[in-house]
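It should be emphasised that the depicted structure is a prediction, and the values quoted were computed from it without experimental measurement. Whatever order the structure lists them in is the order used to number ligands and atoms, beginning at 1. Numbers for residues simply follow the sequence, beginning at 1.
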Amino acid sequence: MGGIRFGSAFGEEVFSDQAYADLLAQECAELTLENAVKFDWLRPHGEAADFATADRLVDFAVKHGLRPRGAALIWNDYLPDWLSRLSAREVERVFDRHIDENVGRFAGRMAAWDVVNEPFYPPQGETGGLRSGPWLTAMGPSYIERAFRRAAAADPTAELILNEAFTEEASELGASVRSRLVVLTDELLQAGVKLNTIGLQGHLKPEIGVAHAAYGQMLGQLAQRGVALAITELDVSDIAFAGNIEAVDQAVGAALDDFLKTAFAVPAVRTVIAWHLSDRYSWYRGTEWYAEDLRQRGIDPAREPRTHFFDSALNRKIAAQVLSDALKRGGKDAR
Ligand code: XIL
């Protein structure tokens with residue numbers, strides 16, 4: 001459709017929820033493992049990894065003819081406590097092992113890897129605005145290049161992605177991450193590492209809004225570098241919207257439409273991945289801040305999230321229509 005490939009995040013629910021598994025198979029061309037190949041999920045108690053769930057999920061995708069995508073190979077967040085008790089040299093060794101085992105295991109089958117996830121988080125005050133965590137502490141900024149080189153060696157065929165959050169935001173954080181991401185892309189390309197795609201998460205926050213001109217400009221700058229672009233984690237926070245379900249769905253759909261017009265105006269954007277298809281699996285439910293944000297706005301924190309494309313009963317919502325219309329236009333008619 002319009003040359004833009006569509007997919008979704010998925011997890012173990014596909015083994016117990018046949019209706020949702022069928023929906024994924026019907027709607028998607030690509031499936032991102034939501035959590036199963038992340039460090040903390042593979043190695044919660046120590047170095048030895050348990051790949052049983054990841055293996056089953058990759059098999060599920062392949063069996064349905066969908067491209068499996070690995071998420072957050074290296075991320076300075078969601079790491080187990082035991083890692084921070086190791087020396088810097090030990091952390092380096094575990095870092096290499098994690099990449100070699102994980103990428104190596106799925107070589108030739110995992111179509112794409114988010115090699116480094118969320119490299120930046122300037123509010124933490126680290127040099128260069130980098131996200132703090134054990135990888136940065138042990139290796140400094142060079143962990144990023146090291147991860148790409150190692151991943152490329154472990155699987156020379158996979159599409160390698162640098163993935164980042166906040167880049168569409170009309171905020172100081174958004175502006176800072178946008179400019180840093182372009183610089184980092186240049187540095188990696190100049191260093192000669194294999195970097196195929198810049199992934200932009202797209203967890204939209206209508207309460208902050210999209211910096212349309214600046215976001216479009218960043219997409220254009222990245223495209224000029226010759227990398228492909230992907231929206232890797234699309235969904236829409238609904239905390240800004242009070243009122244009944246119809247009103248919330250309308251507002252979510254409008255915010256999505258507004259964003260996609262800018263994103264799809266750039267031909268280098270070739271892939272869009274929803275961070276799940278249905279409100280049934282909205283990750284916002286599991287976060288610490290979602291219910292609190294609703295409460296602060298005087299909205300019932302137990303309200304059903306309307307953050308995704310199909311409702312909890314798997315009925316299409318306005319957001320699904322907006323998305324499918326945008327995919328059909330494929331950017332031709334965009335802002
Ligand atoms: C989230 C998952 O959806 C949750 O199930 C998990 O508890 C935490 O991670 N940005 C990312 C994703 O890069 O990996 C995150 O996924 C959502 C935010």
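By heavy-atom distance, the residue among N35, D114, N163 lying nearest atom 6 (C) of ligand 1 is N35. With E34, E233, K38 as candidates, the residue nearest to atom 14 (O) of ligand 1 on a non-hydrogen basis is K38.
The environment of E288 atom CD is sparse: at most 12 non-hydrogen atoms of other residues, nucleotides or ligands sit within 6.0 angstrom. The neighbour count for R56 CZ, taken as heavy atoms of other residues, nucleotides or ligands under 6.0 Å away, does not exceed 12.
The shortest N or O to N or O distance between Y78 and ligand 1 is not below 3.5 Å. In terms of polar-atom proximity, defined here as any N/O pair under 3.5 Å, N117 does make such a contact with ligand 1. Annotation: W75 places no N or O atom under 3.5 Å from an N or O atom of ligand 1; distance criterion only.
Proximity of H276 to ligand 1 is not established, as no heavy-atom distance is less than 4.0 Å.
Side-chain atoms of H64 never come within 3.5 Å of backbone atoms of D59 as a donor-acceptor pair (strictly under, hydrogens ignored). Counting only distance, with no hydrogens or angles, the side chain of S278 and the backbone of D311 share a donor-acceptor pair below 3.5 Å. Judged by distance alone, the side chain of D279 and the main-chain N or O of S282 form no donor-acceptor pair under 3.5 Å.
Set against the non-hydrogen atoms of E118, the atoms of ligand 1 under 4.0 Å away are 10 (N), 13 (O).
In this structure, F39 has its ring center under 6.0 Å from that of W135.
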